[in-house]
Amino acid sequence: QLQVVESGGGLVQPGGSLRLSCVASGSTLDYYVIGWFRQAPGKEREGVSCISSRGGNTNYADSVKGRFTASRDSAKNTMYLQMNSLKPEDTAVYYCAADYRPTTRRCDMVGMNYDYWGQGTQVTVSS
């Protein structure tokens, strides 16, 4: 049974950077599509980014394109979300999620398509 745990959230000033980590146990992340999602208070959960199991192909929400970068480190069984030029509207609880799709070069940011979720990490962007 795959388990994923996020870390790396915190308080940062506008324009700052954070790197979120998503560490997996129970299975290798190489066989999984990984998604990053966020939920702000009073808002619905939204997809932020995803990365495929094969080829490392990525997709990003328009709101974060050019500022966020998703990556994976197979040796550490860890996924990362590098967040630069952070804005107050990026404030949310961020979640990583995984879905077993070992041969795909595609990914999506539809939450219902993911089976394994972390507990979330709070990101607050404020001066």
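What you see below is based on every heavy atom in this structure, not just the backbone, and it leaves out hydrogens, waters and symmetry mates.
- For the pair Tyr116 and Leu2, the tightest heavy-atom approach, listed with the atom from each and the gap, is CD2-O, 3.4 Å.
- Using a distance-only test at 3.5 Å, with no hydrogens or angles considered, a donor-acceptor pair links the side chain of Ser53 to the main chain of Thr104.
- Tyr94 and Val64 end up in the same hydrophobic cluster when Ile, Leu, Val, Met, Phe, Trp and Tyr side chains are linked at under 4.5 Å.
- Scored by the salt bridge (charged side-chain N to carboxylate O under 4.0 Å, His left out) test, Asp108 finds Arg101 as partners (sequence neighbours excluded).
- Here CZ of Arg67 is found 4.0 Å from CG of Asp90. Values are rounded to the nearest 0.5 Å.
- The same ILVMFWY cluster, assembled from side-chain heavy atoms under 4.5 Å apart, contains both Val48 and Leu86.
- Here the side chain of Thr121 pairs a donor or acceptor atom with the backbone of Gly9 at under 3.5 angstrom.
- Ile34 and Tyr31 fall within the same hydrophobic cluster, defined by Ile, Leu, Val, Met, Phe, Trp and Tyr side-chain heavy atoms under 4.5 Å apart, directly or through other members.
- Ser127 and Pro14 make their closest contact through N-CD, 3.7 Å (heavy atoms, listed as atom of the first residue, atom of the second, distance).
- Under the salt bridge (charged side-chain N to carboxylate O under 4.0 Å, His left out) criterion, Lys43 pairs with no residue, sequence neighbours left out.
- No donor-acceptor pair closer than 3.5 Å links the side chain of Thr58 to the backbone N or O of Ala70.
- The number of heavy atoms from other shown groups lying within 6.0 Å of CD (Gln3) does not exceed 12.
- Here CD of Glu89 is found 8.0 Å from CZ of Arg38. Values are rounded to the nearest 0.5 Å.
- Within the 3.5 Å criterion, the main-chain N or O of Gly120 finds a donor-acceptor partner in the side chain of Glu6.
- Expressed to the nearest 0.5 Å, how far CH2 of Trp36 lies from CD of Glu46 amounts to 14.5 Å.
- Side-chain contact check for Arg19 versus Leu81: every heavy-atom pair is 4.5 Å or farther apart.
- A salt bridge links Asp62 with Lys65: at least one charged nitrogen is closer than 4.0 Å to a carboxylate oxygen.
- In this structure, Tyr60 OH and Ser49 OG are separated by 4.5 Å, a value rounded to the nearest 0.5 Å.
- The environment of CZ in Arg45 is crowded: more than 12 heavy-atom neighbours from other residues, nucleotides or ligands sit within 6.0 Å.
- When side chains are defined from C-beta on, Leu18 counts as touching Val123, because their heavy atoms get closer than 4.5 Å.
- Judged by distance alone, the side chains of Thr78 and Asp73 never bring a donor and an acceptor atom under 3.5 Å apart.
- Listed by first then second residue, pairs satisfying disulfide bond (SG atoms under 2.5 Å apart) with a partner in residues 70-104 read Cys22-Cys96, not counting sequence neighbours.
- Note that CE of Met79 and OG of Ser71 are 7.0 Å apart. Values are rounded to the nearest 0.5 Å.
- Here the side chains of Met109 and Asn59 are in contact, with some heavy-atom distance below 4.5 Å.
- Within the 3.5 Å criterion, the main-chain N or O of Ser17 finds no donor-acceptor partner in the side chain of Asn84.
- In the hydrophobic cluster analysis, where Ile, Leu, Val, Met, Phe, Trp and Tyr join through side-chain heavy atoms closer than 4.5 angstrom, Val93 is grouped apart from Val4.
- Residues forming a salt bridge (charged side-chain N to carboxylate O under 4.0 Å, His left out) with Arg54 (at least two apart in sequence, or on another chain): none.
- In terms of heavy-atom proximity, Gly55 sits nearest to Ser52 at C-OG, 4.2 Å.
- Atom CD1 of Ile51 sits about 10.5 Å away from atom CG of Leu29, to the nearest 0.5 Å.
- Under the 30°/60° scheme for interplanar angles, the aromatic rings of Phe37 and Trp117 are found to be tilted.
- Residue pairs that meet the disulfide bond (SG atoms under 2.5 Å apart) test with at least one member in residues 36-90, sequence neighbours left out, are Cys50-Cys107.
- Cluster note: Met112 groups with Val110 through ILVMFWY side-chain heavy atoms spaced under 4.5 Å, whether in direct contact or through intervening members.
- In this structure a side-chain-to-backbone donor-acceptor pair under 3.5 Å is present from Asn77 to Ala24.
- Ring planes of Tyr100 and Tyr32: perpendicular class, angle over 60° (limits at 30 and 60°).
- Residues Tyr114 and Tyr95 share a single hydrophobic cluster, defined by chaining ILVMFWY side chains whose heavy atoms lie under 4.5 Å apart.
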